[in-house]
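Take a look at the structure set out below.
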Amino acid sequence: MAQVKMTVNGKAASGEVEGRTLLSSFLRDSLFLTGTHVGCDTSQCGACVVHVDGVAVKSCTMLAAEAEGAEVSTIEGQAAPDGTLNTIQQAFQDHHGLQCGFCTPGMVMTTAALLKDNPKPSEQEIREHLEGNICRCTGYHNIIKAILAASGQDVTALAAE
């Protein structure tokens, strides 16, 4: 067992991990941050996306030890301390960008990374950026609308589905 230390959502976090412990498992099982979902364990679905030192990563394929000393942000760190949703979360709610909610944390974290690098993405750029995230419920239309809305763009041009 090895000791791992990192900052998670602005707070110091540490714990003992086996060398094979995935970051997603450490977050869920040791820190009880269960918003990071694991859907595939193979980096296919994107439900486990978190930010490590400002970069979106699939935490089911990163070892916890690799995050030693890193700044990690999870879905739990996105809302304000009083529970007020951030712009992206609110847009997902307002534009029905979620149904069962399983993929939503990964979608929100992926969207945050996109909007950090590209504050006004086109619909095509959004679709390309979401290629590593799978949603089995929504058909993506309302997710696209939510991301456009979160970026301050007009969503009325997207036809209703």
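Residues Ala67 and Val72 come closest through the heavy atom pair CB-CG2, 4.4 Å. Of all heavy-atom pairs spanning Ile75 and Thr36, the tightest one is CG2-N, 4.3 Å. For the residue pair Gly101 and Pro105, the shortest heavy atom distance occurs at O-CD, 3.4 Å. Pairing each heavy atom of Val155 with each of Ala149, the nearest pair is CG1-N, 3.6 Å. The two residues Leu115 and Ala150 make their nearest non-hydrogen contact at CD1-CB, 4.0 Å.
Ile134 and Met109 end up in the same hydrophobic cluster when Ile, Leu, Val, Met, Phe, Trp and Tyr side chains are linked at under 4.5 Å. Residues Leu114 and Val57 do not share a hydrophobic cluster, clusters being chains of Ile/Leu/Val/Met/Phe/Trp/Tyr side chains in contact below 4.5 Å. Each of Leu33 and Val38 belongs to its own hydrophobic cluster when Ile, Leu, Val, Met, Phe, Trp and Tyr are linked at side-chain heavy-atom distances under 4.5 angstrom.
No donor-acceptor pair closer than 3.5 Å links the side chain of Tyr140 to the backbone N or O of Arg127. Looking only at distances, no side-chain donor or acceptor of His51 sits under 3.5 Å from a matching main-chain atom of Ala56. With Ser59 contributing its side chain and Cys48 its backbone, the two residues share a donor-acceptor pair below 3.5 Å. Side-chain atoms of Lys120 come within 3.5 Å of backbone atoms of Ser151 as a donor-acceptor pair (strictly under, hydrogens ignored). Not a single donor-acceptor pair under 3.5 Å links the side chain of Thr84 to the backbone N or O of Ala80. With hydrogens and angles disregarded, no donor-acceptor distance shorter than 3.5 Å links the side chain of Thr7 to the backbone of Gly10. Lys58 contributes a side-chain N or O that, together with a main-chain N or O of Gly132, makes up a donor-acceptor pair within less than 3.5 Å. Using a distance-only test at 3.5 Å, with no hydrogens or angles considered, a donor-acceptor pair links the side chain of Glu68 to the main chain of Lys5. A donor-acceptor distance shorter than 3.5 angstrom exists from the side chain of Arg28 to the backbone of Thr34, with no hydrogens or angles considered.
In this structure, Glu66 CD and Leu63 CG are separated by 4.5 Å, a value rounded to the nearest 0.5 Å. For the atom pair CD1 (Ile126) and NZ (Lys145), the distance works out to 12.5 Å, reported to the nearest 0.5 Å. Between atom CE of residue Met107 and atom CG of residue Asn133 there is a gap of 5.0 Å, rounded to the nearest 0.5 Å. Separation of atoms OG (Ser30) and CD (Glu16) is listed at 9.5 Å; rounding is to 0.5 Å. Atom-to-atom distance recorded for Thr21:OG1 and Met62:CE is 13.0 Å, nearest 0.5 angstrom. Between the CG atom in Leu31 and the CZ atom in Phe26 there is a gap of 4.0 Å [rounded to 0.5 Å].
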Run the side-chain contact (heavy atoms from CB on, under 4.5 Å) test on Thr42 and Cys60 for me, step by step, so that the C-alpha distance in whole Å, both residues' side-chain angles and the decisive distance to 0.1 Å come before the verdict.
CA-CA 7 Å; Thr42 60; Cys60 77; over 6 Å; no
Could you go through the side-chain contact (heavy atoms from CB on, under 4.5 Å) check for Leu22 and Thr61 one step at a time? CA-CA 7 Å; Leu22 297 172; Thr61 56; 5.9 Å; no
TODO: Decide yes or no on side-chain contact (heavy atoms from CB on, under 4.5 Å) for Leu130 and Ile144, but give the supporting numbers first.
DONE: CA-CA 9 Å; Leu130 292 180; Ile144 304 299; 4.1 Å; yes
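With contacts defined as side-chain heavy-atom distances shorter than 4.5 Å, the pair Gln78/Ser73 qualifies. Taking the side chain as every heavy atom from C-beta outward, Thr110 and His129 approach each other to under 4.5 Å. Here the side chains of Phe92 and Asn142 are not in contact, with every heavy-atom distance at 4.5 Å or above. Proximity of Ser24 to His37: side-chain heavy atoms (C-beta onward) are nowhere separated by under 4.5 Å. The shortest distance between side-chain heavy atoms of Val4 and Ser14 does not fall below 4.5 Å.
The only option from Leu23, Val52, Asp53 that meets the side-chain contact (heavy atoms from CB on, under 4.5 Å) definition with Met6 turns out to be Leu23.
In this structure, a donor-acceptor pair under 3.5 Å is absent between the side chains of Gln89 and Gln93. Side-chain contact check for Asn9 and Thr74: at least one donor-acceptor pair (N or O, by modelled atom type) lies under 3.5 Å.
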